[in-house]
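Report on the following structure.
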Amino acid sequence: MTSERYIQLTSIRLIVPSGELSPLTSLYIDTTTGLICSPPSISSVINGAFGIDLSEFTDEKTYVDGFKKICEGLCKIGVTGFLPTIISQTKENYHSIIPLLRTLSSSTLINSLDRQSRSLGYHLEGPFIHPKKSGCHPTSNLITAPEGLQSLVETYGEDSFVRGNEDAFVEMITVAPDVEGILEVIPQLVERGWKVSLGHTNASTEQALRGVANGATLLTHLFNAMPPMHHREPGLIGLLGLPPTSSSGQTVRPCMAQRVYAVAPTPKIRSKAPTRVPSPVLETEQNPLQVDTCCSDNGIKTSVGGKMECKAKDLSVNTDGCVNGGCQDETCDYVYIHSGKKPKNHLKLSLKLDDLGVQANAGRDTSSPENSESARSDGPPPLVQVLERGDGQDGSIVKRPYFSIIADGIHVHPQAVSMAYNAHPDGCILVSDAMHMLDPSLPDGIHPWREQYIEKRNGGITLAGTDTLAGSILPLPQAVLNLSKFSGIPLSKAVVCATHTPAKALGGEVENMVGLSVGCWADLCIWNGEGLKGVWKGGKEVWYEG
Ligand SMILES: CC(=O)N[C@@H]1[C@@H](O)[C@H](O)[C@@H](COP(=O)(O)O)O[C@@H]1O
């Protein structure tokens with residue numbers, strides 16, 4: 001087969017986002033019985049590969065040459081889009097590398113690339129991570145964010161906060177929610193279009209939930225560089241146990257940190273027909289939970305300026321003291337309530353106040369001076385502020401995040417990989433966490449890395465003389481095969497975790513990389529049961545073992 005030859009095929013099956021195989025009647029590849037055709041792989045973490053460390057900077061030419069080498073090598077293993085990842089660096093290095101990565105990811109350049117993987121932006125893993133969970137990151141580079149966003153701007157440089165016009169440009173950051181200033185910064189990053197991933201952290205369950213409530217949508221290499229899961233303090237890993245999004249697309253509100261248990265007073269719901277816009281719900285010592293005026297036959301009902309009507313129905317109280325209920329109107333981001341031990345200034349009822357036109361004090365105990373002050377403000381309190389008011393027992397909009405996982409059989413036990421996949425199959429993103437030593441030609445032994453040494457042995461790499469794993473040398477196609485084996489799922493389902501799922505997590509134009517229809521990027525891979533058998537990039541054959 002030559003790259004110029006496009007033949008209609010009839011026997012290749014296409015992997016659709018659900019992981020099912022759908023027969024195709026026409027596609028631009030040769031006819032080969034039994035082969036699977038998938039979109040290309042997308043890698044959200046490439047720290048380096050083929051001898052190149054993307055976090056190292058000596059001069060521009062060396063960096064760009066090394067970068068191109070990585071792009072060529074990744075394309076051969078079916079990764080046609082990736083996020084170059086910088087591991088906790090010095091300020092000076094960020095200031096040199098980030099502007100270069102912006103250029104290297106610009107649309108002009110990616111369009112001209114032939115048989116090379118495209119850079120989709122960058123992933124800044126650190127330095128706002130927890131020193132106790134630094135893994136192989138140099139602890140001397142780790143810092144906190146006492147000045148909030150300003151600390152990040154100073155560290156990464158102004159350049160990283162200028163948004164370009166590129167559609168397929170992704171800025172991702174891995175941060176620890178237990179590092180000073182980070183929880184507060186997350187919403188600001190999200191507002192600016194960043195993808196926030198939580199990782200390298202000792203975060204408690206509550207901090208983890210707050211991280212997600214504040215806008216983080218991913219977890220970085222689940223299980224690695226975070227505490228193991230305790231059943232009463234499930235931490236970051238426990239986020240996989242959050243309720244799934246319902247079929248209507250509505251996110252189920254989970255209960256936040258459950259510390260009330262047996263001491264929780266039995267909550268009561270008092271129903272009253274609403275007469276007007278919901279009034280503040282007061283919480284008192286005597287009556288720890290009182291849902292007032294929002295619970296009636298019709299639920300919350302308000303119509304402000306004739307704009308919308310919110311019908312919250314089916315409020316119910318769980319045995320654990322959570323009050324659940326939901327508005328079926330997707331445009332109404334309605335309600336959470338959680339009760340139990342009485343927190344001070346606890347927000348009882350959260351409505352999307354601007355939609356409803358309700359004043360900022362709605363649902364809040366305005367008897368405290370602290371609340372009275374914000375009640376005078378013009379708009380509703382932002383979610384972050386709301387969360388800060390509670391003591392972790394309040395509920396919130398917390399969506400189950402995507403998670404990346406290193407399925408090399410070394411970083412995570414195969415059973416743990418399988419558990420995580422089965423807990424949240426739609427959120428599973430395979431990553432190789434590739435380091436510069438991802439280079440099949442490199443022999444086992446000790447090799448220099450920055451001021452340290454790394455040892456390559458038995459398919460893994462560690463900081464020499466220690467047991468600290470230092471990223472992996474796992475090619476992504478092998479991770480796909482491993483996941484299929486570890487979890488006992490068909491290869492087609494595992495492929496989705498390296499293609500559709502990361503693309504969905506990165507969003508925007510990247511999602512167009514993983515379709516095979518008009519308007520999509522013409523990249524694809526061919527697999528058989530043993531692994532990758534061919535790669536096409538931009539409609540051209542990179543290689544094919546036909
Ligand atoms: C680039 C990066 O940060 N990679 C981390 C590494 O830092 C950590 O040491 C290792 C094991 O973590 P664990 O010992 O906590 O499982 O996982 C990943 O390889």
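In this text, all values refer to a predicted model and were calculated from it rather than measured experimentally. For ligands, and for the atoms within them, numbers begin at 1 and follow the listed sequence.
By the criterion of a heavy-atom distance under 4.0 Å, the side chain of T468, and not its backbone, is placed next to ligand 1.
Closest approach of V417 to A407, counting heavy atoms only: CG1-CB, 4.3 Å.
The shell of residues lying under 4.0 angstrom from ligand 1, judged by heavy atoms, excludes K133.
Set against the non-hydrogen atoms of H200, the atoms of ligand 1 under 4.0 Å away are 3 (O), 7 (O). In summary, the atoms of ligand 1 found under 4.0 Å from a heavy atom of E125, numbered by their order in the structure, are 1 (C), 2 (C), 3 (O). For ligand 1 and A225, the ligand atoms under 4.0 Å from any heavy atom of the residue are 12 (O), 13 (P), 15 (O). Residue-ligand proximity, I87 to ligand 1, at heavy-atom distances under 4.0 Å covers atoms 1 (C). Atoms of ligand 1 lying under 4.0 Å from any heavy atom of N47, numbered from 1 in the order shown and given with element: 1 (C). Short contacts between ligand 1 and H137, defined as distances under 4.0 Å to a heavy atom of the residue, involve ligand atoms 2 (C), 3 (O). Taking every heavy atom of H221 and a limit of under 4.0 angstrom, the matching atoms of ligand 1 come to 2 (C), 3 (O), 4 (N), 5 (C).
Considering backbone and side-chain N/O of F223, none are found under 3.5 Å from N/O of ligand 1. Every N/O-N/O distance between G135 and ligand 1 stays at or above 3.5 Å.
Here the side chain of Q207 pairs a donor or acceptor atom with the backbone of S204 at under 3.5 angstrom. Of the possible polar contacts, one joining the N214 side chain to the L183 backbone as a donor-acceptor pair under 3.5 Å is found. For H123 (side chain) and V45 (main-chain N/O), no donor-acceptor pair under 3.5 Å exists by modelled atom type. A donor-acceptor pair under 3.5 Å is formed between the side chain of R192 and the backbone N or O of Q188.
Sequence neighbours left out, the pairs with a member in residues 485-505 that pass side-chain hydrogen bond (donor to acceptor under 3.5 Å, both in side chains) are E20-K493.
Considering G199, A470, S472, C136 only, the shortest heavy-atom separation from atom 7 (O) of ligand 1 involves C136. Nearest residue to atom 5 (C) of ligand 1 from V412, D433, I410 is D433 (criterion: closest heavy atom).
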Derivation of the salt bridge (charged side-chain N to carboxylate O under 4.0 Å, His left out) call for E206 and R210: CA-CA 6 Å; E206 188 178 325; R210 282 167 188 266; 3.0 Å; yes
message: Go through it in stages, so that I can follow the logic: the residues are E455 and H447, the test is side chain to side chain donor-acceptor pair (under 3.5 Å), and I'd like the CA-CA distance, side-chain angles, deciding distance and then a yes or no.
response: CA-CA 6 Å; E455 183 168 4; H447 304 269; over 6 Å; no
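Every residue was checked against the salt bridge (Lys or Arg N to Asp or Glu O under 4.0 Å) condition with D178, not counting sequence neighbours, and none meets it.
The protein heavy atom nearest to atom 6 (C) of ligand 1 is L469 O, 3.4 Å. Scanning all protein heavy atoms for the shortest distance to atom 19 (O) of ligand 1 gives H411 NE2, 2.6 Å. Looking only at heavy atoms of the protein, atom 16 (O) of ligand 1 is closest to N224 ND2, 2.7 Å.
Inside a 4.0 Å radius of atom 12 (O) of ligand 1 there is at least one protein heavy atom.
In this model, a donor atom of one side chain and an acceptor atom of the other lie less than 3.5 Å apart for S197 and T220. No donor-acceptor contact under 3.5 angstrom links the side chains of S96 and N93, judged on distance only.
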